[in-house]
Amino acid sequence: MASSAAPPASPSSRSHGNAAGAGGSATAMMLPGPPGRGNGGCIDLSPTGLLAHGAGSSVVVTDPRSMQLLCVLPMPSAALASFVTAVRWAPPAAPSSLAGDDDDCRPLRLAAGDRHGRIAVWDARARAVLCWLNLDEVRSVAPGSGGGVQDLCWVHHAAGWLLASIHGPSLLCVWEASNNPRVLWMFDAAPEYLSSVRCDPFDARHLCAIGLRGFLLSAIVRHDSDISLQEHRITCSAGDVTELQRLEKEMAAPAPAPALAAFPLFAARLCFSPLWRQILFVTFPRELIVFDLSYSTALSVTPLPRGFGKFSDVMADPDLDLLYCTHTDGKLSIWRRKEGEQVHLLCAVEELMPSIGTFVPPPAVLAATIWQSESIFRNIDKQCQDLAQTQSSYSFVTDTNSDQNVCQGTLTYLTSISEDGKIWSWLLTFDKPAHPKKANLGRPSHSNAASATTCSNRSDFTIKINLMGQLHLLSSTVTTLAVPSPSLLATVARGGNNPAPAVPLVALGTQNGTIEVVDVVANAVSVSFSVHSSTVRGLRWLGNSRLVSFSYNQANDKTGGYNNKLVITCLRSGLNRAFRVLQKPERAPIRALRASSSGRYLLILFRDAPVEVWAMTKNPMMLRSLALPFTVLEWTLPAAPRPGQNASSKQSSTSKERSSEASGAENSDETCESFAFALVNGALGVFEVHGRRIRDFRPKWPSSSFASSDGLVTAMAYRLPHVVMGDRSGNIRWWDVTTGLSSSFSTHREGIRRIKFSPVVHGDRSRGRIAVLFYDNTFSIFDLDSPDPLANALLQPQSPGTLVLELDWLSTRTKKDEPLVLCIAGADSSFRLIEVNIDAKGSSVAKPVAMKERFRPMPFCLPVLFPTAHALAVRMILQLGVKPSWFECNNGDKLGRDSFKVAPAFGDLRSYMIETTLPPIGDTVVAELLLKVLEPYRKEGCILDDGRARLYSAIVNKGTYARFAFAAAIFGDVQEALFWLQLPQALRHFLDKSTTRSREKISQSNLHPDPEQGSTLNRISSRERSASGKLIKNAVVNYGQLSSMAFKQEQLWFNANERIPWHDKLDGEEALQKRVHELVSLGNLEAAVSLLLSTPPEGSNFYPNALRAVVLSSAVSQSLHELAVKVVAANMVRTDKSLSGTHLLCAVGRYQEACSQLQDAGCWNDAATLAASHLHGSDYARVLQRWADYVLRGEQNMWRALILYVAAGALPEALDTLRKNQRPDTAAMFLLACHEVYSQIAVESEHTEDTSGSELTPEQTDKLRFPSKNVAEEDLIAVSEVFGQYQQKLVHLCMDTEPNAD
């Protein structure tokens, strides 16, 4: 059932998203855990080229071009299983809006849904939640009971972009997600399981949702917030139906679970064809189906080839008639459409997870996506090349089939994610085959004989796949972490007496046995070691270049016991060396490892067994075994440095002084290290290790007994001279081993698992600050030097947004003004850094580390991440034209880590702008001011990468339209870029049709209508005979995405004619009526008559069909017959919904009236096809203009309406549309582009007519030439003045905004 509702999503849904403290914001210093099946393979690539995918309870945003992590957006939740199950980037907002407060104007909005049914709309640039959409709050039910989010999709409405979501098994919702978040409409498809929802690329108001049983829902959002629905049914294969029935019986998930949770390995996916209207590609586990929405029927059904895993997803190439299907076994199959049909043939198979020849099964490929954003840049490059070669040819046909070489030389990028946390970037290359008779099916084992035979007939190109890059994130669930804090006794690995410095590295042990070493400065995994075959249960640093780790597993023999494995890993050589290797299982497993800060000694703690003390020399050896009932053991940490010491200049003499001072023992030297311990009976002690000797430290005991009466000591930290202990009752005690002073307090929390001293430097006010991790996986920070540690405690901040498994302090702090940084391993498998700032009063404030990262292997070249004013400045500079040399920067240009803080010295920047003959518009001084504002970004090298800069240098002098399209594509506005690419052809089409010669032709044809009508069939048949030759002869300039902007008669006629053979085999009266309608629209009356006469006499529509057949075959042009036919047609239109009356109008040549009737009935594409087949000049222009009015006001697609306005010659309407939509910069650029194209056409016509005396005067070259007499000179001046005001406002905003880049 469908229902319409408009309650608010939450009483404070907007404030809730921002009031979550740090819980609603993300941190740049975070590494996510690996994705899993629970994430449902959610992935999406934004129009600007940013990749988002779900990993655990976080959304990972990366740049696939540079293979770098941008940020991680955690979904805060109190539960552990809030998997992100759906992500979707919002289409780009209007870039010209200088007021960025409105949510719709934010450039990087990202919707993310989780298993609890919540949807967060993020601002990925600000890394903050804009609003929360919670269906459970709307329906007033318990949180999480409504089911999780299955899929998301953005649809367009007159008021902005709406968000469609699938909740639970069968509920489809449409949300308003901007100013007033609320649910607008709901539809329950029960008992169907909805699986996927997608938006139509030709009509952004239209969406389709597919169910696992073949239910297909088509919905269009109307202007008045009403939604029109149409239900279809796709017949699934018997195997899929049987398997789904079996899975339903075995389903273990609770009842409201979405399809991805109930059936994780059974998926139905759909995608719209970007080349053909109303065509859907649908995959079920065993079938690939092409479905025609206009006929409500499947055009082709392709079964799963043998030897392939089940279909998991389907993607359509934006430019070529190719499909990319992913399979559950990690394969990628590539399918190409057969000419003249909607049948796809397998042409290549590739592996997305290369096998390395081991017995361990490779990680599963969870999701993949092609780079739709690269298609528009290919179109810009190709359009500029083709227009340069065929400047005088005005006839371009969209053909993706007849040209056999259309694929050759094409590059397609694809990104996949695997369950081991890796992101793979692939390049697909289409080339000529080396052996034309052989089909490219990848490896022979990947295809069966049948598919090889089928594809060998179409082996006109080969597909090669190359791995271009890989981003390594955390490969498995984090189980432990270790931070190096070497004392001055630790020496560098290469020998000598130089002490080892603290390094900004953190080691993470994982569940799959690997050790991930994280560089916290770059926020990236520096290196990964595969050390153990099972979970890493303990990990410690030995100095700053070696790691020691352990794992264990139970023996399988009858004797039982445990196999303990201890391994030393050298970071410099990458070698793993096991020690303490035993031949037989042991009685007790290893409980923990404790390494001294120098890395010389190691304590191995066993469960119910003595503790072993090892000397970690080149060949580790055990010193002795301590048979005491220890509960905890901790080595002493490095003491605070004395004045005059620093991290960069440490001498061995200083080390000796500090060690002797801190030890408190009279006869100790620099080689002594000590550890504190607690026994089961509560007794405490300190042992000292000197060489191979272990002796009692003999500390000064506290005056009162420290025996714990209410719980065992469960945690300890030791930094000379303080020992801090925590017990299972939540009490904290500390003791000075040199003076005997002691104190204690209760935290009133659960038991304490870890206590970690914060690192101290010279000048710190407090040296007793500790982080305490409790057994409930929360933590607090206490200052033991304060009078009341509990009152000044910092409880767990909301910034982690997750429960904490392990924590430790980062030891790279060197100055007292630097904040403390806490390393956290979260229960969601993530690794995070939390910054703890100390204010003047001594209290601590924790917040995420969101500072600019100090190191990246290469900068992010994404201007969309700049502040809004600076992003608009980049856009304007690219539009006006800047020389390619401006993007070049060498090492001397870089300003270092303070690039955005140092004011650079500027020279004369005007020489960087290209020289142009275009008349000035706006303020000419603005360009130089904007270049000065952008100078820090240029020197940082983060405006355009090398590939984009090369493309810009190739097109910068090819015309204004190319620069405008490039600037729009950089900011992800594909529709605007397509508009600029089509603008020169639309203007040429309008000006060509408005010449005197064309008017004379049209007037002559109007004076003699009968010969034209009589020759209709001959003209159409001759057109069909010459169609194939014409398509090959004409240059194929408009292809791929440009087909959505088609306006020319040849283009529209070709697109409609290509669809005719698809429906030849369809039966039924409704299909017959639609086929007749298509044939009449194309002008093929002979085929229409033949089809009508094929109606059986017993059919209910035999007489209406016979009447139409007689009238169409006679086509008498007498006035009385015209009148009679018009009356009959009017009656048929009034009483019949089959639009038969338009066919009668076509029979008597009343094409203009037939087009009007089709447009009145809402058949806009059919009306355009009919007009393209029969109308010319002003008649055709009137159809286009009315179509443009509908596209603008009905479909809310401004860019497509603009190109139709231009093609129809309605240039004043196009300019007025831009002004009403508050786009002053686009209106000014529109005038410049029209001036340039109009001037080129005028020059070409002058050369053709040899009129040498009509050269333009200097006054005329400085004046805008607009190809319309209906636009006054004052309007053009007004556009220029408003653009100048916009430029001045932009300059002021740029000056007031601090430069900032990620």
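What you are looking at is a predicted structure, and each value in this text was computed from that prediction instead of being measured.
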Taking all atoms of both residues into account, what is the closest heavy-atom pair of Phe687 and Asp696, and its distance?
CD2-CA, 4.0 Å

Nearest non-hydrogen partners of Ser530 and Asn576, listed with the distance
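Heavy atoms only, the tightest pair is O-ND2, 3.6 Å.
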
Under the 3.5 angstrom rule, does the side chain of [X] hit a backbone N or O of [Y] as a donor-acceptor pair?
X	Y	result
Asn564	Ala588	yes
Arg753	Asn777	no
Lys565	Val531	yes

Counterpart residues, side chain to side chain donor-acceptor pair (under 3.5 Å), relative to [X] (two or more places apart):
X	value
Trp809	none
Asn619	Arg577
Ser551	His532
Thr747	none

For the atom pair CG (Leu571) and OG (Ser526), what is the distance rounded to the nearest 0.5 Å?
7.5 Å

Between OG1 on residue Thr477 and CD on residue Gln511, distance to nearest 0.5 Å:
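It comes to 4.5 Å.
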
Not counting sequence neighbours, which residues clear side chain to side chain contact (heavy atoms under 4.5 Å, CB included) with Asp776? List them please.
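If we apply the side chain to side chain contact (heavy atoms under 4.5 Å, CB included) test to Asp776, skipping adjacent residues, the hits are Arg749, Glu750, Phe774, Thr778.
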
[Y] and [X], any side-chain heavy atoms less than 4.5 Å apart:
X	Y	result
Ser744	Asn731	no
His722	Leu784	no
Ser58	Asp828	yes
Asn523	Leu31	yes
Phe779	Leu822	yes
Val821	Arg813	no
Ser485	Leu637	yes
Phe550	Val567	no

Between Arg733 and Asp727, does any NZ, NE, NH1 or NH2 come within less than 4.0 Å of an OD or OE carboxylate oxygen?
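Looking at Arg733 together with Asp727, the answer is yes, because their closest N to O distance falls below 4.0 Å.
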
By salt bridge (charged side-chain N to carboxylate O under 4.0 Å, His left out) - contacts of [X] (at least two apart):
X	answer
Asp736	none
Glu586	Arg580
Glu806	Arg754

Where at least one partner belongs to residues 620-635, residue pairs that pass side-chain hydrogen bond (donor to acceptor under 3.5 Å, both in side chains), sequence neighbours excluded
Arg594-Glu634

Tell me, please, which residues at least two apart from Tyr718 pass ring pair (Phe, Tyr, Trp, His ring centres under 6.0 Å).
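Counting only residues at least two positions away or on another chain, Tyr718 forms no ring pair (Phe, Tyr, Trp, His ring centres under 6.0 Å).
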
Residues that Tyr562 engages under ring pair (Phe, Tyr, Trp, His ring centres under 6.0 Å), provided they are two or more places apart
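Residues passing ring pair (Phe, Tyr, Trp, His ring centres under 6.0 Å) with Tyr562: Tyr552.
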
Donor-acceptor pair between Asp420 and Ser475 side chains, under 3.5 angstrom
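No, Ser475 and Asp420 have no side-chain donor paired with an acceptor closer than 3.5 Å.
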
Do you see a donor-acceptor pair shorter than 3.5 Å between the side chains of Glu516 and Thr510?
no

Please collect all ring-ring contact (aromatic ring centres under 6.0 Å, His included) contacts where either partner lies in residues 563-597, sequence neighbours excluded, each pair once.
Phe579-Trp614

